[in-house]
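For reference, the structure is listed below as structure tokens.
Keep in mind that the numbers below use all heavy atoms, side chains included, and drop hydrogens, waters and symmetry copies. If you're wondering where the values come from, they're calculated on a predicted model, not measured in any experiment.
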Amino acid sequence: MAMEQVNGNGPEEPIDTPEVSRSEHFAALLEAGLPQNVAEKLDELYVAGECVCVCLVAHSDLDERALEALKEFNEEGALQVLVQFKESDLSHVQNKSAFLCGVMKTYRQREKQGTKVSDSTKGPDEAKIKELLDRTDYTLDVTTGQRKYGGPPPEPVYSGAQPNVGTEIFIGKIPRDLFEDELVPLFEKAGPIWDLRLMMDPLSGLNRGYSYCVIGSEHDLIDIT
């Protein structure tokens with residue numbers, strides 16, 4: 001380790017430089033043509049997902065299409081896309097590759113319009129969403145354009161076949177800061193929910209003010225209480 005002299009008073013104490021941890025896929029990112037800094041930022045997500053119990057992203061979650069799309073950005077843009085991707089709640093995202101592509105599309109739209117998401121934008125209360133999912137045992141699939149609750153519902157809750165065409169209800173004038181934790185209890189009063197699709201505005205992070213809901217027949221709802 002190099003020693004430096006400071007003000008002629010002898011050698012400076014050596015400074016330990018923390019070793020940067022890289023995943024086994026880092027070399028593959030460079031070989032795919034990603035710039036060094038972009039590859040490092042994406043690899044940080046891989047490493048974080050391996051080291052802690054958080055739902056980030058694994059190398060296997062991203063397909064070639066997503067990496068090729070990321071390469072189309074300049075370095076600054078690609079880094080900002082990855083920051084937004086990291087800050088997104090990925091716990092209910094089933095297709096992370098498609099989600100990343102959605103983040104890239106949204107970034108280009110914001111760039112074209114000269115807008116950005118306000119820091120004060122209120123998203124869903126994840127603790128309440130988790131409480132809802134634990135109570136109902138439904139799934140939640142999040143994309144940049146919609147949040148899909150159910151479809152189909154869990155077998156222990158709902159025994160019927162998929163509702164027929166024409167049973168989907170359009171629900172409008174929804175306050176834009178409402179999410180499943182407040183909407184599902186209201187819609188459940190009409191009958192067992194097959195699925196609920198809350199349409200999202202990726203530019204604001206809020207809902208678009210409307211959703212689609214499919215309600216099943218009451219006799220198909222299994223009483224598990």
>> What verdict does the salt bridge (charged side-chain N to carboxylate O under 4.0 Å, His left out) test give for Glu68 and Arg65, after you've listed the backbone C-alpha separation in whole Å, the side-chain angles of each residue and the deciding distance to 0.1 Å?
In response: CA-CA 5 Å; Glu68 286 297 320; Arg65 178 176 64 102; over 6 Å; no
>> Any non-hydrogen side-chain atom of Leu100 less than 4.5 Å from a side-chain atom of Asp61?
In response: no
> What pair of heavy atoms forms the shortest contact from Asp177 to Leu206, and how long is it?
Replying inline: CA-CD2, 4.5 Å
> Does CD belonging to Gln36 count more than 12 external heavy atoms closer than 6.0 Å?
Replying inline: yes
>> Does any part of the side chain of Glu44, heavy atoms only, come nearer than 4.5 Å to the side chain of Leu82, both counted from C-beta?
In response: no
> Same cluster for Val47 and Leu30 if Ile/Leu/Val/Met/Phe/Trp/Tyr side chains link at under 4.5 Å?
Replying inline: no
> If you measure from CZ on Phe99 to OG1 on Thr106, what distance do you get to the nearest 0.5 Å?
Replying inline: 8.5 Å
>> Tell me whether Asp141 contacts the main-chain N or O of Lys148 through its side chain, where contact means a donor paired with an acceptor under 3.5 Å.
In response: no
> Is there side-chain contact between Pro124 and Arg147, with at least one heavy-atom pair below 4.5 Å?
Replying inline: yes
>> Measuring from atom CD of Gln146 to atom CE of Met199, what distance do you get when rounded to the nearest 0.5 angstrom?
In response: 4.5 Å
> Transitively linked via ILVMFWY side-chain contacts under 4.5 Å: Ile169 with Ile193?
Replying inline: yes
> salt bridge (Lys or Arg N to Asp or Glu O under 4.0 Å): which pairs involve residues 164-174, sequence neighbours left out?
Replying inline: Glu168-Arg197
>> Could you check whether any side-chain heavy atom of Leu196 comes within less than 4.5 Å of a side-chain heavy atom of Tyr138, counting everything from C-beta outward?
In response: no
> When the ring planes of His59 and His25 are compared, do they come out parallel, tilted or perpendicular, using 30° and 60° as the limits?
Replying inline: parallel
> Checking side chain to side chain contact (heavy atoms under 4.5 Å, CB included) for the pair Val93/Phe85: CA distance, chi angles, key distance, verdict?
Replying inline: CA-CA 11 Å; Val93 176; Phe85 183 60; over 6 Å; no
>> Hydrophobic cluster membership, with links at side-chain heavy-atom distances under 4.5 Å among I/L/V/M/F/W/Y: are Tyr149 and Tyr212 in one?
In response: no
>> If I compare all heavy atoms of Ala78 with all of Phe73, which pair ends up nearest, and what's the gap?
In response: N-CB, 3.7 Å
> With side chains defined as the heavy atoms from C-beta onward, is the minimum distance between Leu132 and Leu140 less than 4.5 Å?
Replying inline: no
> Between Ile171 and Cys213, which heavy-atom pair has the shortest distance, and what is it?
Replying inline: CD1-CB, 3.8 Å
>> Return the OH to CZ distance between Tyr210 and Arg176, rounded to the nearest 0.5 Å.
In response: 9.0 Å
> Is Leu70 linked to Val83 within one hydrophobic cluster, defined over Ile, Leu, Val, Met, Phe, Trp and Tyr using a side-chain heavy-atom separation of less than 4.5 Å?
Replying inline: no
>> Show the nearest heavy-atom pair for residues Glu126 and Ser91, with the distance to one decimal.
In response: OE1-OG, 4.2 Å
> Cut-off 3.5 Å, side chains only: do Gln84 and Arg110 have a donor facing an acceptor?
Replying inline: yes
> Are Asp89 and Ile129 side-chain neighbours, meaning at least one heavy-atom pair lies under 4.5 Å?
Replying inline: no
> Distance from Glu180 atom CD to Leu186 atom CG, nearest 0.5 Å?
Replying inline: 12.5 Å
> Salt bridge check: are Lys128 and Glu131 linked by an N-O gap of less than 4.0 Å?
Replying inline: no
> Looking at CD1 of Ile174 and OG of Ser211, how far apart are the two atoms once the value is rounded to the nearest 0.5 Å?
Replying inline: 3.5 Å
>> Just so I know, are the side chains of Arg208 and Pro202 near enough to count as touching, which here means a heavy-atom distance under 4.5 Å?
In response: yes
>> Measuring from atom CE of Met200 to atom OG1 of Thr144, what distance do you get when rounded to the nearest 0.5 angstrom?
In response: 10.0 Å
> Taking side chain as C-beta onward, heavy atoms only, is Asn37 less than 4.5 Å from Lys41?
Replying inline: no
> Closest heavy-atom contact between Asn207 and Leu178?
Replying inline: ND2-O, 3.0 Å
> Is Phe26 linked to Leu45 within one hydrophobic cluster, defined over Ile, Leu, Val, Met, Phe, Trp and Tyr using a side-chain heavy-atom separation of less than 4.5 Å?
Replying inline: no
>> Working note: Glu72 + Arg108, criterion side chain to side chain contact (heavy atoms under 4.5 Å, CB included); need CA distance, chi angles, decisive distance, verdict.
In response: CA-CA 11 Å; Glu72 294 178 3; Arg108 290 194 186 280; 3.7 Å; yes
> Minimum heavy-atom separation for Thr136 to Pro154, with atom names?
Replying inline: O-CG, 3.6 Å
